[in-house]
J.: 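Just dropping this structure here.
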Amino acid sequence: MGDELDARLKAYEGLKAVVAGVGRDPVNAPMIRHWCEAMGDTGAAYEGPDAVAPPTMLQVWTMGGLAGHAARTDRTARTGGAGRTEAYDELLALLDEAGCTSVVATDSEQEYLRPLRPGDEITFDVVIESVSARKTTKLGSGYFVTTRMDVRVGAELAGTHRFRILKYAPARHKPKPPRPRPVVNRDNAGFWEGVAQHRLLIQRCTGCATLRHPWLPGCNACGCPDWDTVEAGGEGTVYSYVVMHHPPFPAFAPPYAVALIELTEGVRIVSNVIGVPYDKVRIGMPVRLVFHSYDDELVLPVFKAEEVAA
Ligand code: ZN
């Protein structure tokens with residue numbers, strides 16, 4: 001069975017995954033400038049009348065942008081349409097059917113053969129270079145699929161981009177990892193000592209009495225490094241919140257609400273709202289502090305909704 005699938009997958013090697021791709025924009029100075037700013041690359045070769053594009057921008061010129069390549073109606077009409085081939089879709093579908101429904105990018109590799117300059121119009125094709133035999137990894141068992149994009153200016157090859165993914169069946173029965181532990185340091189140790197005693201301590205500047213949270217080594221209002229604490233009464237309201245759907249972190253079960261709670265003392269703290277479904281959390285909702293034990297070691301201050309909307 002496995003050998004038969006391996007042979008069927010091997011048959012896709014050498015077939016095209018994308019044909020007749022056309023760069024969304026010609027190579028251009030503004031995108032080069034933004035890239036260099038983002039990367040902090042001040043190389044002299046990337047500006048001025050003889051500028052070249054940073055070689056590592058190779059893939060940038062092949063990207064469709066948020067709208068995707070489908071939005072380039074004028075260009076697709078001119079090139080007869082670019083996009084993923086049926087062969088590549090079939091290969092991915094075959095892997096899905098074999099239970100390899102998860103995907104992770106593992107590595108990529110680029111070769112630069114000719115500098116790209118503002119004004120260059122690029123085209124690209126992608127070939128399925130190899131499909132591995134079935135491999136067992138920590139993530140699960142599956143197949144490495146390597147594609148190679150050839151980027152051209154006219155007939156000339158400007159560079160290649162190899163991209164490898166692992167299509168795999170996730171390993172089952174993984175025990176749920178514990179919640180991440182708080183990072184306790186010199187500046188916030190007092191806060192966590194309070195939590196261990198089921199007390200939510202707010203820092204107070206002894207210079208100007210300004211309250212602050214999260215804990216900091218000095219006062220933002222007056223610069224004074226000295227402080228004491230006041231214990232929060234536990235009353236607050238939801239100042240703002242988000243509902244986490246993605247990405248899923250293994251220790252958590254999405255969806256769940258993460259809220260910024262405004263305490264009656266005036267400071268705000270990021271926490272979870274419990275006692276109410278995630279989609280019933282609302283701005284302004286009154287909440288009350290409780291200390292929740294997540295496991296033998298971890299206790300965290302969370303906030304229980306005071307009333308549940310009918
Ligand atoms: Zn102060």
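Just follow the structure's listing: the first ligand is 1, and inside any ligand the first atom is 1. What you see below is based on every heavy atom in this structure, not just the backbone, and it leaves out hydrogens, waters and symmetry mates.
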J.: Do the rings of Phe291 and His198 sit parallel, tilted or perpendicular, given the 30° and 60° boundaries?
T.: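 Ring orientation, 0 to 90° scale: parallel.
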J.: Does a donor on one side chain sit under 3.5 Å from an acceptor on the other, for Thr146 and Arg164?
T.: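 Present: a donor and an acceptor within the cut-off.
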J.: Decide yes or no on salt bridge (charged side-chain N to carboxylate O under 4.0 Å, His left out) for Glu235 and Arg288, but give the supporting numbers first.
T.: CA-CA 5 Å; Glu235 307 289 339; Arg288 166 155 265 293; 2.3 Å; yes
J.: Is there a donor in the side chain of Tyr112 and an acceptor in the side chain of Gln110, or the other way round, less than 3.5 Å apart?
T.: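 Looking only at side-chain atoms, Gln110 and Tyr112 do form a donor-acceptor pair, the distance falling under 3.5 Å.
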J.: Which protein N, O or S atoms lie under 2.8 Å from the Zn ion (ligand 1), given by chain and residue number?
T.: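 Protein N/O/S atoms under 2.8 Å of the Zn ion (ligand 1): Cys205 SG, Cys208 SG, Cys219 SG, Cys222 SG.
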J.: Take Thr160 and Glu111, measure what side chain to side chain donor-acceptor pair (under 3.5 Å) needs, and give me the verdict at the end.
T.: CA-CA 5 Å; Thr160 66; Glu111 288 176 289; 2.6 Å; yes
J.: Is the centre of the His161 ring less than 6.0 Å from the centre of the Phe124 ring?
T.: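 Judged by ring-centre distance (under 6.0 Å), His161 and Phe124 do not meet the cut-off.
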